[in-house]
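In what follows, a structure is listed as structure tokens, so that the remarks can point back to it.
Bear in mind that the values here come from a model prediction, so they are computed numbers and not experimental data.
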Protein chains: 2
Amino acid sequence: MTTVNALNLAEVGSLIGDPARAQMLTALMDGRALTAGELAWCAGITPQTASGHLAKMQTAGLLTMEKQGRHRYFRLSSPTVAGMLESMHVVCAVDTPKRIRPETRMDADLRQARTCYDHLAGVLGVALADALAARSVIDFSGDGGLVTVGGRDFLAGFGLDMAKLEKGKRHFCRPCLDWSERRHHIAGAVGAGLADRLFDLQWIERIKDSRAVRVTPAGRTGLKETFGIDPSA
Amino acid sequence: MTTVNALNLAEVGSLIGDPARAQMLTALMDGRALTAGELAWCAGITPQTASGHLAKMQTAGLLTMEKQGRHRYFRLSSPTVAGMLESMHVVCAVDTPKRIRPETRMDADLRQARTCYDHLAGVLGVALADALAARSVIDFSGDGGLVTVGGRDFLAGFGLDMAKLEKGKRHFCRPCLDWSERRHHIAGAVGAGLADRLFDLQWIERIKDSRAVRVTPAGRTGLKETFGIDPSA
DNA sequence: GGAATGATTCGGCCCGCGCCGAAGCATGGC
DNA sequence: GCCATGCTTCGGCGCGGGCCGAATCATTCC
């Protein structure tokens, strides 16, 4: 009777059936891409253990991986997988009456604006990248990122020491995948320079004990006037 | 970072992650109730081992049990569980694009027409959904599914007790993703009602020991005349 | 009553796999 | 060249859980 490919079903089930892997998958359910290290931390296990789990899930086709520098970003391989996880969560929710953890204050802050290494990420970081792209200051359409000739003047006018930034060995202007927005923000020397400048102008300031940053009242007007960004919501 | 209750997800996953249990669950996917012994046989294990598995799945809320004489009948506890299994099968089908193993007769039958919990799936199920959508009986374009005003009359005319179907608590008309066709067929009360009616009319009949169904000669003409479906291939 | 059948509980074997420490690559920054 | 960081591979430990044999309970039939 009905043999079908229940074996495959069991394989998929057992992949999800490990607490660490389930934790990772849940963390990835919103479609964001996370690094192997972040996922290890999410699951509460060491990086080497996580690496094995991730490899398994990738081989099985549940995850896809994208290399970016020395980081490896993992995400669910398709909306189909997300849908499956969703339906499994539905069953979980039915089985256990009620228990939803609301998004914490810190989650919300991080999603809004935060530093990513030395540059800006989150809603603010992506908005900044969009604004500069719209003004033809930067161009992310190609493989890497580049600053236009006019853009160089614009950034210099905003107070960035372009000569100094260009001297360094690191990537000059690079798109970086944003984990909360799933879109690119500005990394590299230019990204770091922009963040530095915004801190110097006190348009943004760090939130204590967190990577999150907040926009100051001065920053609100400044960002609006200079970049057309309205970081209100 | 996003802890949620992934533990529950892992529990559900690991329940499904055992080959024997996956086999049982797959056998139950047509919504019928099977005895413990039948399920043991399906999974290829001894009754005492099966008993343990069934108890676990029952405790977890995946199965419900009904005593009848010295037999114990198990079935999936809800359409929600069936939907979850269905969506997992979708992922399985996507993951294995090419058949390693040649398609068996049974696979072909299942792909053609089968019951999915209590409604129809497979080529026939999808064709039925398409036909009813083309005739503006149902509308799957929105978020969920809905039956049009004219559609209600059409279905009533076909012999469905619409008042009774509307009275129930379950979803009335819902699209369900088909694992073999990767398109939607009709689930919910309307889907179940349609399948029941087709069985009553003897337009379709179950293939022994399988979720697969076959279209009878009477069904062939009936489906053609009523819905414009030609289940020939 | 006794025998047969379906299903469960108990006990013990054993394999699979998740885990981490240590070491090995790769990339980036200096 | 160096070191730091992120990730992977390898090896071995240990536990959880699936498996069956034997015994027990429940139901039906004679």
Going by atom type alone, with no hydrogens or angles, which donor-acceptor pairs under 3.5 Å involve a side-chain atom of residues 44-63 of chain B and a protein atom two or more places apart or on another chain?
from: B/Thr46; atom 1: OG1; to: B/Thr49; atom 2: OG1; distance (Å): 3.0
from: B/His53; atom 1: ND1; to: B/Arg21; atom 2: NH1; distance (Å): 3.0
from: B/Thr59; atom 1: OG1; to: B/Ala55; atom 2: O; distance (Å): 2.8

- Item | All side chain to side chain donor-acceptor pair (under 3.5 Å) counterparts of A/Thr226, not counting sequence neighbours | none

- Item | Rounded distance (Å) that lies between atom P of D/dA26 and atom CD of B/Glu66 | 20 Å

- Message: Quick check on C/dC19: is either OP1 or OP2 less than 4.0 Å from any side-chain nitrogen or oxygen of A/His53?
- Response: yes

- Query: Can you list the residues that meet the side-chain contact (heavy atoms from CB on, under 4.5 Å) rule with A/Asp161, with sequence neighbours excluded?
  - Reply: A/Ala163, A/Lys164

- Message: Under the rule for salt bridge (Lys or Arg N to Asp or Glu O under 4.0 Å), what residues qualify as partners of B/Glu205, not counting sequence neighbours?
- Response: B/Arg214

Would you tabulate the nitrogen or oxygen pairs shorter than 3.5 Å linking the protein to nucleotides 13-15 of chain C?
none

- Separation of C/dG18 P from A/Leu54 CG (nearest whole Å): 13 Å

Are there any protein N/O atoms within less than 3.5 Å of an N/O atom in nucleotides 27-30 of chain D, and if so, which ones and at what distance?
from: D/dT27; atom 1: O2; to: B/Arg70; atom 2: NH1; distance (Å): 3.3

- State which residues pass side-chain contact (heavy atoms from CB on, under 4.5 Å) with A/Ser87; sequence neighbours excluded, sorted by chain then number. B/Met84, B/Ser87

- Query: Side chain of A/Thr216, backbone of A/Gln202: donor and acceptor closer than 3.5 Å?
  - Reply: yes

- Note on the structure: note: A/Met57, atom CE; C/dC17, atom P; distance rounded to Å ~ 15 Å

- Within this structure, what is the CZ-to-C1' distance between B/Phe74 and C/dA7, rounded to whole angstrom? 9 Å

- Task: Round to the nearest Å and state the distance from A/Lys56 atom NZ to C/dC17 atom P.
- Result: 7 Å

- Message: If you assign A/Ile45 and A/Arg72 each to the DNA chain C nucleotide with the nearest heavy atom, which residue ends up on the more 5' nucleotide?
- Response: A/Ile45

- Message: Salt bridge or not between A/Glu38 and A/Arg75? Use side-chain N to carboxylate O under 4.0 Å.
- Response: no

- What integer distance in Å separates B/Glu11:CD from D/dG16:P? 15 Å

- With respect to A/Leu28, which candidate in A/Leu34, A/Leu85, A/Val81 satisfies the side chain to side chain contact (heavy atoms under 4.5 Å, CB included) definition? A/Leu34

- Query: Separation of A/Leu34 atom CG from D/dC7 atom P, in whole Å?
  - Reply: 11 Å

- Item | B/Ala20 side chain, from C-beta outward: closest of C/dA7, D/dC19, C/dC19 | D/dC19

- Message: Would you say that A/Val147 contacts A/Phe154 through its side chain, given a criterion of any heavy-atom pair below 4.5 Å between the two side chains?
- Response: no

- Note on the structure: To the nearest angstrom, the OH-P distance between B/Tyr73 and C/dG6 comes to 11 Å

- Query: Listed by chain and number, what are the salt bridge (Lys or Arg N to Asp or Glu O under 4.0 Å) partners of A/Arg152, not counting sequence neighbours?
  - Reply: A/Glu166

- Message: The criterion is salt bridge (Lys or Arg N to Asp or Glu O under 4.0 Å); which residues satisfy it with B/Asp18, sequence neighbours excluded?
- Response: none

Pairs: protein N or O with nucleotides 9-11 of chain C N or O, under 3.5 Å:
none

- Item | Inter-axis angle, terminal five-pair segments of the helix from C/dG1-D/dC30 to C/dC30-D/dG1 [nearest 10°] | 30°

- Item | A/Leu128 and A/Leu198, any side-chain heavy atoms less than 4.5 Å apart | yes

- Item | Donor-acceptor contact present, side-chain B/Ser14 to main-chain B/Gly17, <3.5 Å | no

- With sequence neighbours left out, the residues meeting ring-ring contact (aromatic ring centres under 6.0 Å, His included) with A/Phe158 are A/Trp203, A/Phe227

